[in-house]
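The structure appears below as structure tokens.
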Amino acid sequence: MHWADHTAQTLKERGESQVCASGITPSGEFHIGHIREILSAEMIHRACLDIGLKSKYIFIVDSMDPLRRVYDFLSPSYQKYIGVPLAFIPAPDSNGEPDKKRGSYAEYFLNPFLTSLERIGVIPEIVMNHEVYAQGKFASKIDIAINKKEEIREIIENISGRELPVDWFPYSPIGSDGSMDGVKVTKYEKPYVYWIDKNGVEGISDINKAEGKLPWRIDWAARWGIHNITSEPAGKDHGSAGGSYDTGIPICRLLGSEPPKKMVYEWIQIKGMGPMSSSKGVTIGPVEALELVPPQILRYIIARSKVNRHIDFDTGDTLFEMADEYERLLSESINVRDEEMTRRQRIAKETNNGALRLSQIKRGDNPKDSWAGVSFRHLALLAQIKNDDDDVWKSLQKSGHIEDKPAKILQVRLERMRNWINGPHFPEDSKIKIQKELSTLASENITSHQIKFIYNLKNKFIICEWDENVINNQIRDSAKEVDLKIKDAYLALYWLLINKNKGPKIAAIISELQRNDIIKIFETVF
RNA sequence: GGGCCUGUAGCUUAGUCAGGUAGAGCGACGGGCUUUUAACCCGUCGGCCGCGGGUUCGAAUCCCGUCAGGCCCGCCA
């Protein structure tokens with residue numbers, strides 16, 4: 001069974017109605033790792049719906065979280081916003097300067113991410129945490145937290161092993177300058193928290209308004225109750241022993257609600273895509289990823305991996321493998337009869353089908369409709385040797401991949417493929433590089449017999465029609481005339497033209513190149 | 001120091017929760033397609049399931065120990 005389905009089964013025991021949630025702090029650019037946070041929860045949500053439970057998926061934006069430090073992409077003028085909730089800070093302009101016209105810091109980073117989410121079919125109910133505070137929904141939790149301050153302190157100290165300062169208080173009011181740093185609480189009289197900030201200014205915060213917030217560990221535990229969250233997968237940073245998940249569970253109960261069951265997912269790591277990018281520290285964002293990869297396959301990368309396995313995301317060979325695996329599973333699903341399968345094979349099939357189901361953009365879409373019918377590798381190859389899309393389609397018709405016109409999904413896929421090939425993330429090994437002259441490696445592998453063939457072929461190439469079929473016939477004729485095995489003839493051409501011992505149809509490559517260029521390369525042999 | 005996760009074929013892994021003859025893909029190799037392939041089809045090779053012990057009629061699976069790798073415990077998913 002797929003992990004999301006399994007989780008849904010477990011949740012069913014808890015009740016008919018589920019709320020799956022993710023929470024992310026919009027402190028900077030979103031990246032591919034956040035996709036796992038989102039999709040882990042969203043797939044559980046879908047799995048719940050699929051077994052007939054009621055479920056909703058909410059995305060809580062930690063807009064009330066303070067700016068921690070001045071990040072590299074921010075100008076030093078952000079210094080004054082440290083400790084200020086991200087919802088109340090202006091967004092940076094292209095120089096990293098605060099610019100009030102751009103809206104809030106939180107929304108500035110959030111919005112493009114939401115666009116990406118929509119493209120992978122994730123339409124969450126957005127909850128801006130600062131609004132929840134402003135609506136007074138945190139008030140009762142804040143009140144309990146303050147009244148049970150010592151119990152909470154004990155939980156955090158015992159479980160996390162961390163010692164809290166003597167003047168620790170389970171509520172951080174916003175000071176006179178907007179920052180929560182260095183604000184000391186002096187008194188609590190429901191619903192008012194009295195304080196004195198680091199500038200010596202005294203003030204009052206109303207717990208019914210967004211005039212302060214609960215510290216992270218309590219905030220998280222409180223929101224589980226406020227939104228009735230039943231499932232919230234968390235990153236391993238929160239999940240490790242003594243982390244915020246472990247303290248959150250008893251705190252949530254103390255605040256009067258039943259917490260979700262702990263679920264921890266592993267990180268996505270970005271594997272270097274070759275020496276160039278890894279040293280430059282290129283990270284890949286969801287927007288960028290979606291320009292290369294079809295949305296179903298991006299979802300599949302998350303769906304196929306168990307939550308506790310880390311994922312090496314890279315835009316090189318593994319992307320080929322995952323994409324082709326997706327295609328293969330789609331076309332395979334009718335292979336074996338169920339009764340002929342062993343228990344293990346059945347489990348594997350069930351899990352795979354679950355992954356495919358959850359990889360669709362819209363819940364309920366038939367996975368088969370996302371089948372392009374051509375492997376990534378093959379398309380990558382055609383895209384490189386055929387500059388015109390129509391020639392790609394012709395080639396696919398000829399090879400029997402498609403019957404007549406390419407489906408929309410295939411057209412889009414080719415477009416993305418061209419982006420990938422022309423961008424920095426395409427793996428070197430998969431690139432076809434046309435040689436300018438005979439390489440040393442090639443000269444070591446070409447025999448005198450093969451040189452005779454090339455000489456013969458050159459003379460034909462000077463006069464023949466420049467068409468793929470004609471060219472191919474010339475190659476075969478040439479080989480026969482000098483009594484060379486066809487296979488060795490092709491081998492010679494591979495070595496000479498792309499410096500490898502194998503490759504795509506060589507006639508296709510040659511026909512895409514200029515006659516004169518080919519002749520020139522040939523002449524470097526003699 | 002505390003803890004989590006992982007270790008199965010050259011590579012990526014399924015199977016571990018509910019113990020019952022070790023599955024798959026990629027790669028490699030071979031063959032076919034009377035036109036080559038990084039297309040397509042067929043086949044072959046390849047695993048002391050990290051190591052040692054225990055429980056069991058039976059262990060990749062449960063228990064104990066051990067080694068190796070990755071990661072988290074300073075609000076970065």
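Note: hydrogens, waters and symmetry copies are ignored here, and every other heavy atom, side chains too, is used. Below, chains carry the letters A, B, ... as their sequence lines are ordered, and counting in each starts from 1.
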Under 3.5 Å, N/O pairs linking protein and nucleotides 26-28 of chain B:
{"from": "A28(B)", "atom 1": "OP1", "to": "Lys502(A)", "atom 2": "NZ", "distance (Å)": "2.9"}

### Query
Between Asp467(A) (CG) and U35(B) (P), how many Å, whole number?
18 Å

### Task
With C1' as the reference atom in both, quote the distance from G50(B) to U61(B) in angstrom, rounded to an integer.
16 Å

### Message
If you define the side chain from C-beta out and look only at heavy atoms, does anything of Asp488(A) sit under 4.5 Å from His449(A)?
### Response
no

### Query
Do Thr447(A) and Gln450(A) have a side chain donor and acceptor closer than 3.5 Å?
yes

### Message
In whole Å, I'd like the distance from the NE2 atom of His378(A) to the C1' atom of C40(B).
### Response
9 Å

#### Entry: Salt-bridge contact Lys141(A)-Asp219(A) (side-chain N to carboxylate O under 4.0 Å)
no

### Query
Is the shortest side-chain N/O distance from His34(A) to OP1 or OP2 of A77(B) below 4.0 Å?
yes

### Query
If we only count heavy atoms from C-beta on, is the Asp5(A) to Thr351(A) side-chain gap below 4.5 Å?
no

### Query
Less than 4.0 Å between a side-chain N and a carboxylate O, is that true for Arg223(A) and Asp62(A)?
yes

### Task
Using whole Å, report how far CD of Gln384(A) lies from P of A39(B).
14 Å

### Message
Tell me whether Glu327(A) is salt-bridged to Arg377(A), with the criterion being a basic N under 4.0 Å from an acidic carboxylate O.
### Response
no

### Task
Can you run through RNA chain B from 5' to 3' and write each base as (, ), [, ], | or . depending on how it pairs? Watson-Crick or G-U wobble, both distances under 3.5 Å.
(((((((..((((......[..)))).(((((.......))))).....(((((..]....))))))))))))....

## Note on the structure
When rounded to whole Å, the CD1 to C1' distance for the pair Ile510(A) and U36(B) reads 11 Å

### Query
According to a strict under-4.0 Å criterion, is Asn308(A) in side-chain N/O contact with OP1 or OP2 of C4(B)?
no

### Query
Ile506(A) CD1 to A38(B) P: how many Å, rounded?
11 Å

#### Entry: Summary of protein contacts for nucleotides 70-75 of chain B, nucleotide by nucleotide, where a base hit scores B, a sugar-phosphate-only hit scores S (4.0 Å, heavy atoms)
BSBSSB

### Query
With under 30° as parallel and over 60° as perpendicular, where do the rings of Phe320(A) and Trp420(A) fit, or are they tilted in between?
tilted

### Task
Ignoring backbone atoms, establish whether Arg304(A) has a side-chain N or O less than 4.0 Å from OP1 or OP2 of A24(B).
no

### Message
For Trp466(A) and Phe461(A), I'd like to know if the aromatic rings sit close, meaning centre-to-centre distance below 6.0 Å.
### Response
yes

## Note on the structure
Arg476(A) CZ to U34(B) P, in whole Å, measures 11 Å

### Query
Rounded to whole angstrom units, what separation is found between the NZ atom of Lys386(A) and the P atom of A39(B)?
16 Å

### Task
May I have the distance from Phe30(A) (atom CZ) to C76(B) (atom C1'), rounded to whole angstrom?
12 Å

### Query
Is any side-chain N or O of Lys306(A) closer than 4.0 Å to OP1 or OP2 of C5(B)?
no

